[in-house]
Amino acid sequence: MKYKNILVPYDGSNPSKNALSTALEYVDLGVAGKVTAFFAAPIPQFETQDFLIAEQISGSQPLAPEQTAEMQRRYIEFHREKLAKDLGAVAEEAGNALVIAIGQGKPSKAILEYAHTHHIDLIVMGSRGLSAVAGVLGSVSYAVLRNAECPVMIER
């Protein structure tokens with residue numbers, strides 16, 4: 001079975017690379033299908049107690065809202081460029097079938113939100129990411145598998 005709109009949560013781990021390869025096999029290029037490699041970037045926490053204490057100790061001034069917004073934009077762009085570089089050869093080979101997207105926040109929530117708002121047909125993801133500890137299925141994979149509105153394929 002071929003799919004038109006596939007999401008691959010991608011963090012550079014071997015399972016996420018395998019998931020991307022699998023997704024590219026399942027995409028229906030005959031109907032302009034696409035695979036989206038999606039990275040959920042953690043949100044920098046400028047308002048945490050630790051950050052505020054460090055700010056006071058260093059004597060720096062709080063950032064203006066427009067400065068914070070610019071830092072946020074550069075942060076997202078940094079992750080987009082890093083992902084594009086990591087996907088280099090795969091992106092060239094896939095051409096228009098591969099799209100890069102960056103989200104922010106808790107990975108499982110960002111993945112599910114992206115899948116919902118972009119009408120994803122299938123999520124193909126690795127069983128564990130870079131922060132893997134023990135177990136067969138990582139917490140992000142498990143949360144997505146339990147809560148996704150579309151089919152989820154877990155790749156090792």
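- With a 6.0 Å radius and a threshold of 12 heavy atoms from other residues, nucleotides or ligands, E92 has its CD atom at or below the threshold.
- Applying the side chain to side chain donor-acceptor pair (under 3.5 Å) rule to pairs touching residues 27-39 yields nothing, sequence neighbours excluded.
- Annotation: F39 is not in aromatic contact with Y10 [ring centroid separation under 6.0 Å not met].
- Between H79 and Y75, the ring-plane angle classifies as perpendicular under the 30° and 60° cut-offs.
- In this structure, the separation between CD1 on I120 and SG on C150 is 7.0 Å, given to the nearest 0.5 Å.
- Salt bridge status for R80 with E77: present, with a side-chain N to carboxylate O gap under 4.0 Å.
- Atom OG of S141 is separated from atom CD1 of I154 by 4.5 Å, given to the nearest 0.5 angstrom.
- Under the rule for a side-chain hydrogen bond (donor to acceptor under 3.5 Å, both in side chains), N5 has no partner lying at least two apart in sequence or in another chain.
- When the shell of 6.0 Å around NZ of K2 is examined, it contains more than 12 heavy atoms from other residues, nucleotides or ligands.
- In this view, R73 and E70 satisfy the side-chain hydrogen bond (donor to acceptor under 3.5 Å, both in side chains) rule, not counting sequence neighbours.
- Between H118 atom NE2 and F38 atom CZ the span is 8.5 Å, to the nearest 0.5 Å.
- Side-chain heavy atoms closer than 4.5 Å link hydrophobic residues (I, L, V, M, F, W, Y) into clusters, and following such links, even through other members, never connects V99 to V27.
- Tested against V35 for a side-chain contact (heavy atoms from CB on, under 4.5 Å), the candidates L7, L98, V124 yield a single pass: L98.
- Rounding to the nearest 0.5 angstrom, the gap separating the OG atom in S16 from the CG atom in D86 is 8.0 Å.
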